Amino acid sequence: MRCGTFDLVLDRSFFARSTLRVARELIGCVLVHEVRGRRRAGRIVETEAYDGFRDAASHAHRGPTSRNAPMFGPPGRAYVYLIYGVHHCLNLVTREPGYPAAVLIRALEPADERLGPCHGPGRLTRALGIDLRHDGLELCTPSSRLYVEPAAMRCRVARTPRIGVDYAGAWAEKAWRFVDPASRHLSVKLGRRR
DNA sequence: CTCGGGATTGAG
DNA sequence: TCAATCCCGAGC
C-alpha cells in the first residue's frame, strides 16, 4: 500500500523505450521516496539522457564495469553513483537489458517545503535520502519505496545541452537535457552553461 | 596495489 | 576560485 493520493505508478514499459523520450516525458512526473512511512516527493523539472555505448558523456562509454552495471540491466531500476566523493546522483535505467542507458534526475520542485533544496542532482538525492544503498533497486514493483508517478498535467518542455560534460567532445553539444522552462527550481538557469 | 579524476556543491 | 572526499577504473 502506497501513501500516494493515486495508487498509480510508472511501470517498466514506460522505461523500456527510447531514452530521449523517457527523459522528456519524465518532466512533470513526481519522484517519490517513502522513508519511515513518510512521503518525500518532488515534481521532476530537469533530466538528462545518457544513451548507448557511443555516448562519450555516459559512464557506459568504456563498456560495462561494476559501477555502471545497472545501466546495462533491465529498465525501471535505479542507477546511483557517488560523485566527487560527496554527492549521490540518481538515474533511472531505460531501454532493454544489454543496452546501456539511463536518465539522470537533475532537479525537482519539492512537494513539501520542509524537504529542503532539490535544484541539482546532489541536492535532490540528499533531500529524498537516496544513496548507494538504492543502486540497482527496482522502481516498478508494488513493494518499492522509490517510484515515479505520472504527470498530473501536461507542460511545456525545453531542451539544452547537458551540464558538466565538456570532456565528451561532440556529444557534449547534443541537446539531451530536458527542462520545464517555467520552473524556478532548475539546477542551472536557462541560457546558462558551465 | 597505487594513482587520478569525476554527470557537484557550497564556502570564501 | 577552489577544496571536499571516496569510489572505482586504469595501469603496472
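Below, chain A is the first sequence line, B the second, and so on; all start at residue 1. This one's a predicted model, so the numbers in the text were calculated from it and none came from an experiment.
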key: Side-chain cluster (under 4.5 Å, hydrophobic types only) that A:Y99 belongs to, other residues   = none
query = In terms of side-chain geometry, is the basic nitrogen of A:R123 or A:E46 positioned less than 4.0 Å from the acidic oxygen of its partner?
reply =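 Salt bridge flag = no for A:E46 with A:R123.
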query = Can you tell if the side chain of A:V80 reaches within under 4.5 Å of the side chain of A:I130, non-hydrogen atoms only?
reply =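 With C-beta onward as the side chain, the pair touches.
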inquiry  = I'd like to check A:R77 versus A:P70 (side-chain heavy atoms, cut-off strictly below 4.5 Å). Are they in contact?
reply    =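 A side-chain contact under 4.5 Å is absent here.
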Check: residues 153-160 of chain A side-chain donor-acceptor pairs under 3.5 Å, at least two apart:
from, atom 1, to, atom 2, distance (Å)
A:R159, NE, A:A175, O, 2.9
A:R159, NH2, A:A175, O, 2.9
A:T160, OG1, A:R177, NH1, 3.0

Run the side-chain donor-acceptor check on residues 56-67 of chain A: report pairs under 3.5 Å with partners two or more places apart or on a different chain.
from, atom 1, to, atom 2, distance (Å)
A:S58, OG, A:A60, N, 3.0
A:H59, ND1, A:Y79, OH, 2.7
A:H61, ND1, A:F53, O, 2.6
A:T65, OG1, A:R67, N, 3.4
A:T65, OG1, A:N68, N, 3.3
A:T65, OG1, A:N68, OD1, 3.4
A:T65, OG1, A:N68, ND2, 3.4

Check against ring-ring contact (aromatic ring centres under 6.0 Å, His included), A:H134 and A:H33 = CA-CA 11 Å; A:H134 300 84; A:H33 186 208; 4.8 Å; yes
For DNA chain B, the residues among [range] that have a non-hydrogen atom under 4.0 Å from it:
| range | value |
| --- | --- |
| residues 116-123 of chain A | A:G120, A:P121, A:G122, A:R123 |
| residues 18-29 of chain A | none |
| residues 42-61 of chain A | A:Y50, A:A57, A:H59 |

key: With sequence neighbours excluded, residues passing side-chain contact (heavy atoms from CB on, under 4.5 Å) with A:E109   = A:R43, A:V45, A:S183, A:H185
Between protein and nucleic acid, restricted to nucleotides 1-3 of chain C and to nitrogen or oxygen atoms under 3.5 Å apart, what atom pairs and distances do you find?
none

Side-chain polar contacts of residues 13-21 of chain A - donor-acceptor pairs under 3.5 angstrom, sequence neighbours left out - could you list them?
from, atom 1, to, atom 2, distance (Å)
A:S13, OG, A:D11, OD1, 2.8
A:S13, OG, A:D11, OD2, 3.4
A:R17, NE, A:F14, O, 2.9
A:R17, NH1, A:E25, OE1, 3.4
A:R17, NH2, A:F14, O, 3.4
A:R17, NH2, A:E25, OE1, 3.0
A:S18, OG, A:L20, N, 3.4
A:S18, OG, A:R21, N, 3.2
A:T19, OG1, A:D51, OD1, 2.7
A:T19, OG1, A:T94, OG1, 2.8
A:R21, NH2, A:E25, OE2, 3.3

remark   = Listed range with range, the stems formed with DNA chain B by at least 3 consecutive Watson-Crick or G-U pairs (under 3.5 Å) are B:1-6 with C:6-11, B:8-11 with C:1-4
query = Got a sec? Which of residues 88-105 of chain A come in under 4.0 Å of DNA chain C, heavy atoms?
reply =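 Under 4.0 Å from DNA chain C: no residue of residues 88-105 of chain A.
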ask   = Could you write nucleotides 5-12 of chain C as a row of B, S and -, 5' to 3', where a protein heavy atom under 4.0 Å of any base atom gives B, of only sugar-phosphate atoms gives S, and otherwise -?
value = BBSSSS--
